[in-house]
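Take a look at the structure below.
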Amino acid sequence: MHWADYTAKILRERGGPQVSASGITPSGEFHIGHLREILSAEMIHRACLDAGIESEYVFIVDSMDPLRRVYDFLSPSYEQFIGHPLAYIPAPDNNGDPVMGGSSYAEHFLNPFLQALEKIGVKPKVVMNHETYESGAFAKGIDMAIMNRENIRGLIEEISGRELEENWFPYNPIGADGSLDGVRVTGYEKPFVHWADSNGLEGRSDIRKAEGKLPWRIDWAARWIIHGITCEPAGKDHGSAGGSFDTGIPICKLLGGNPPDKIVYEWIQMKGMGPMSSSTGLTVGPMDALSLVPPEILRYVIARSKINRHIEFDTGPSLFQIADEYERLVSSPLEEKEGMSKRQAVSLATQSGALRLSQVSRGSKPMDSFAGVSFRHLSMLAQIKSSDKDVWLSLERSGHMEGEPSIQLRERLARMRSWIDGPHFPDESKVEIRVELPIDEKKDLDAKSVNFLSELSARLSKCDWDEDSIVKSIKDSCESSEIPTRDGFKLLYWVLIGKNDGPKASSLIYEIGRTKLLRLLK
RNA sequence: GGGCCUGUAGCUUAGUCAGGUAGAGCGCCGGGCUUUUAACCCGGUGGCCGGGGGUUCGAAUCCCCUCAGGCCCGCCA
């Protein structure tokens with residue numbers, strides 16, 4: 001059974017309508033890793049719906065979180081905003097300078113991510129956390145947290161093993177300068193928290209407004225209650241012993257709520273590129289990924305892996321493998337058979353679950369996303385055929401396609417071309433035509449081979465330049481130089497691309513062009 | 001120091017929660033497609049399930065120990 005379906009089954013036992021949630025701090029550019037946060041919850045939500053359970057999916061944007069430091073992509077002028085909630089500071093321009101009067105920092109990074117989510121069929125109810133504070137929805141939780149201050153302190157200290165400061169307070173007011181940093185609480189008179197900020201200025205915050213926030217561990221527990229969240233998979237950082245999941249659950253109960261069960265997902269890592277980092281420019285954003293692969297395959301990357309396993313995201317060879325796997329599963333799904341072992345049946349259910357959850361629009365048939373051509377094959381055609389029309393002709397001839405190419409296929413070819421032209425395309429999948437044969441390889445050629453190549457050269461210098469004539473020239477050359485056709489092709493591939501096999505020789509030669517080819521054969 | 005995850009065929013892995021003859025894909029090898037697309041079709045090769053012990057009629061699966069790799073533990077999520 002797929003992990004999302006399994007979780008839905010557990011949630012059914014909990015009863016009632018389900019609310020799955022994700023939460024992300026928009027502190028910078030979103031990357032592919034954030035997709036797992038989103039899709040882990042969204043797939044569980046879909047699995048609930050598919051199981052006939054009433055369910056909703058909420059994406060909570062931690063817009064009330066403060067700017068922690070001046071990141072590499074920000075100009076030093078952001079120094080003044082450190083400690084300010086991301087919702088209340090200006091967005092940076094391309095130079096990293098703040099643009100006053102435009103969108104907020106939080107919105108600036110969030111919007112492109114939401115567009116990417118739309119493309120992969122994720123339609124969350126978006127909650128800006130600062131708006132929840134502004135609305136006063138947190139007031140009750142804040143009041144209860146303050147009234148239970150010592151209990152909560154005890155829970156956090158005991159479970160996390162961390163010692164909290166003497167003047168620790170379960171509410172962090174915003175100071176006169178707009179920063180959450182260094183503000184000391186001096187008293188509480190419902191609904192006001194009195195404080196003195198780092199500059200010595202005094203003031204009070206109304207807990208019914210966004211004039212302060214709960215510390216993360218309490219904020220999380222409180223929002224579970226506010227939004228009725230029943231399921232929120234969290235990254236492994238929250239899953240550690242004594243992490244925020246372990247404190248959140250009892251704190252939520254203390255505040256009178258029914259917390260979700262602990263579900264932890266593993267990180268996505270970039271293979272062979274070191275850690276994901278916006279500063280080095282090596283990050284792959286959701287939009288970048290979508291310009292390379294179809295959205296259902298991006299979903300499949302997440303859906304095919306168990307939730308507690310690392311995913312090594314790689315825009316190179318393994319993306320081919322995954323994309324081909326998807327294509328293959330769609331075209332020939334496993335079928336239930338008589339005498340199938342329990343294991344095979346389980347595997348079948350898991351696979352079809354992954355396929356089902358990978359669809360961009362829920363409930364659509366995987367077959368509708370089928371483009372009919374493997375990525376590997378298409379990458380080869382895209383490389384040797386410079387015009388799209390020739391690609392369609394070739395696909396028609398090989399029986400991959402009938403009539404006009406589908407929209408899926410057209411889009412797929414367009415993405416393939418941008419992949420091939422971009423920096424992520426794997427070298428081993430590149431078809432590189434040699435300019436000339438290295439000397440030492442020339443020496444290794446025996447007499448028959450040399451004879452074959454010169455025969456071929458002669459024929460190709462005067463035949464018609466179309467694929468049929470080229471094939472005929474190759475076969476005739478094999479015959480007259482008395483080598484098996486198979487060996488002739490092998491040799492030819494070796495000369496052309498340095499490998500024993502390759503794309504259809506005639507297409508390849510046709511694309512290379514007569515002049516360049518004859519120079520190579522000499 | 002505390003904790004989590006992973007280790008199954010050359011590679012990617014399913015199966016572990018509910019113990020009952022180890023499945024798949026890729027790769028590789030062979031054959032077919034009589035124009036040889038890295039396509040497509042058929043067949044085959046390949047695993048003392050990291051190691052050791054225990055429980056059991058029976059263990060990849062449960063328990064204990066151990067080795068290896070990855071990761072998390074700052075009011076950062």
Side-chain angles (χ1 to χ4, degrees), chain A residues 1 3 6 10 22-27 33-34 37 62 65-69 156 160-162 164-165 168-172 180-181 213-220 234-244 246-247 262 264-267 269 304-310 312 314 317-318 320-322 324-325 328-329 331 334 340-351 354 372-381 383-385 394-395 397-400 428-429 431 467-472 474-475 485-486 488-490 492-493 497 499-508:
Chain A
M1 188 184 268
W3 52 262
Y6 179 75
I10 302 289
S22 303
I24 300 177
T25 305
S27 56
H34 290 120
E37 165 78 28
D62 285 307
D65 286 10
L67 184 70
R68 287 281 151 211
R69 59 185 176 86
I156 293 177
S160 74
R162 188 181 312 146
L164 299 174
E165 298 170 23
W168 177 86
F169 203 77
Y171 177 77
N172 192 346
L180 287 151
D181 289 346
K213 76 181 288 287
L214 290 164
W216 160 247
R217 286 175 188 255
I218 307 170
D219 181 302
W220 205 25
K236 64 189 297 182
D237 44 352
H238 298 292
S240 294
S244 47
D246 288 352
T247 51
K262 183 171 178 175
V264 176
Y265 63 84
E266 264 286 356
W267 299 129
Q269 291 166 15
R304 70 192 282 274
S305 301
K306 290 198 294 187
I307 194 162
N308 60 355
R309 286 187 85 113
H310 300 266
E312 294 223 33
D314 171 6
S318 66
F320 263 115
Q321 202 180 314
I322 292 169
D324 284 350
E325 176 181 303
R328 194 172 51 244
L329 279 178
S331 63
L334 287 179
M340 194 179 238
S341 74
K342 182 185 143 195
R343 280 181 202 132
Q344 287 171 310
V346 167
S347 168
L348 171 77
T350 306
Q351 263 183 4
V373 191
S374 79
F375 264 59
R376 228 168 272 281
H377 188 44
L378 191 63
S379 88
M380 185 270 298
L381 287 178
Q383 288 182 83
I384 62 168
K385 305 281 187 189
S394 173
L395 286 174
R397 247 187 332 199
S398 59
H400 284 92
E428 65 185 67
S429 298
V431 175
E467 293 194 14
D468 287 347
S469 308
I470 292 169
V471 167
K472 193 168 184 309
I474 299 170
K475 299 199 103 190
T485 321
R486 198 181 192 94
F489 275 95
K490 255 188 192 171
L492 189 52
Y493 283 119
I497 57 175
K499 296 174 187 174
N500 283 330
D501 49 28
K504 189 174 184 177
S506 54
S507 311
L508 200 55

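So you know, we letter chains A, B, ... as the sequences are listed, proteins then strands, and number each from 1.
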Item to complete: Name the residue closer to the 5' end of RNA chain B, choosing between A:Phe489 and A:Leu214 according to the nucleotide with the nearest heavy atom.
Response: A:Phe489
Worksheet item: Does A:Arg304 or A:Asn172 map to a spot on RNA chain B nearer the 5' end, using the closest nucleotide for each?
Response: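 Per heavy-atom nearest nucleotide, the more 5' residue is A:Arg304.
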Taking the side chain of [X] as heavy atoms from C-beta outward, which of [options] is closest to it?
X: A:Trp216; options: B:rG25, B:rU37, B:rA77; answer: B:rA77
X: A:Tyr6; options: B:rC17, B:rC5, B:rU37; answer: B:rC17
X: A:Lys306; options: B:rG15, B:rA77, B:rC5; answer: B:rG15
X: A:His377; options: B:rU6, B:rU35, B:rU37; answer: B:rU37
X: A:His310; options: B:rU36, B:rC5, B:rA77; answer: B:rC5
X: A:Lys236; options: B:rC71, B:rG15, B:rU37; answer: B:rC71
X: A:Arg309; options: B:rG7, B:rU12, B:rU37; answer: B:rG7
X: A:Asp237; options: B:rC72, B:rG74, B:rA14; answer: B:rC72

Inter-nucleotide [atom1] distance ([N], [M]), Å rounded:
N: B:rG15; M: B:rU35; atom1: P; result: 46 Å
N: B:rA22; M: B:rC48; atom1: C1'; result: 12 Å
N: B:rC11; M: B:rU21; atom1: P; result: 26 Å
N: B:rG10; M: B:rU66; atom1: C1'; result: 27 Å
N: B:rU16; M: B:rA60; atom1: P; result: 14 Å
N: B:rA24; M: B:rC42; atom1: P; result: 14 Å
N: B:rU34; M: B:rC41; atom1: P; result: 16 Å
N: B:rG20; M: B:rC72; atom1: P; result: 35 Å

Worksheet item: What is the ring orientation for A:His238 with A:Trp220, classed by angle as parallel under 30°, tilted 30 to 60°, or perpendicular over 60°?
Response: tilted
Taking pairing as Watson-Crick or G-U wobble with both contacts under 3.5 Å, can you name the mate of [N], or confirm there isn't one?
N: B:rC40; answer: B:rG32
N: B:rA24; answer: B:rU12
N: B:rG7; answer: B:rC67
N: B:rG19; answer: none

Have a look at [X] and say if it touches a base, only the backbone sugar-phosphate, or nothing, with a 4.0 Å heavy-atom cut-off.
X: A:Leu381; answer: base
X: A:Lys472; answer: nothing
X: A:Asp62; answer: sugar-phosphate
X: A:Asp65; answer: sugar-phosphate
X: A:Ser27; answer: nothing
X: A:Leu164; answer: base

To the nearest angstrom, how far is [X] atom [atom1] from [N] atom [atom2]?
X: A:Met380; N: B:rU36; atom1: CE; atom2: P; answer: 15 Å
X: A:Trp3; N: B:rC17; atom1: CH2; atom2: C1'; answer: 17 Å
X: A:Glu312; N: B:rG7; atom1: CD; atom2: C1'; answer: 14 Å
X: A:Arg162; N: B:rC72; atom1: CZ; atom2: C1'; answer: 13 Å
X: A:His238; N: B:rC73; atom1: NE2; atom2: P; answer: 10 Å
X: A:Glu325; N: B:rU12; atom1: CD; atom2: C1'; answer: 8 Å
X: A:Tyr493; N: B:rA39; atom1: OH; atom2: C1'; answer: 11 Å
X: A:Tyr265; N: B:rC4; atom1: OH; atom2: C1'; answer: 15 Å

Item to complete: Specify the closest pair of heavy atoms between A:Thr247 and A:Ile156, including all atoms of both residues, with the distance to one decimal.
Response: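 Taking A:Thr247 first and A:Ile156 second, the nearest heavy atoms are CG2-CA, 4.1 Å.
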Discussion item. Applying the side chain to side chain donor-acceptor pair (under 3.5 Å) criterion to A:Tyr265, which one of A:Arg309, A:Lys306, A:Glu37 satisfies it?
Written reply: A:Glu37
Fill in: A:Gln351 and A:Glu325, any side-chain heavy atoms less than 4.5 Å apart
no
Discussion item. Within the structure provided, determine whether A:Leu180 and A:Lys213 are in side-chain contact (heavy-atom separation under 4.5 Å).
Written reply: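 Result yes, sub-4.5 Å side-chain heavy-atom pair found.
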Practice prompt. Go through the steps to decide whether A:Leu381 and A:Leu395 satisfy the test side chain to side chain contact (heavy atoms under 4.5 Å, CB included), and finish with yes or no.
Written response: CA-CA 9 Å; A:Leu381 287 178; A:Leu395 286 174; 3.6 Å; yes
Practice prompt. Taking atom types as modelled, find out whether A:Arg217 and A:Ser244 have a side-chain donor-acceptor pair closer than 3.5 angstrom.
Written response: no
Discussion item. Can you confirm whether more than 12 heavy atoms, excluding those of A:Lys262, are under 6.0 Å from its NZ atom?
Written reply: yes
Discussion item. When you measure from the side-chain N and O atoms of A:Asn308 to the phosphate of B:rU6, is any distance below 4.0 Å, counting only OP1 and OP2?
Written reply: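 Answer yes for this pair, as a side-chain N or O of A:Asn308 is under 4.0 Å from OP1 or OP2.
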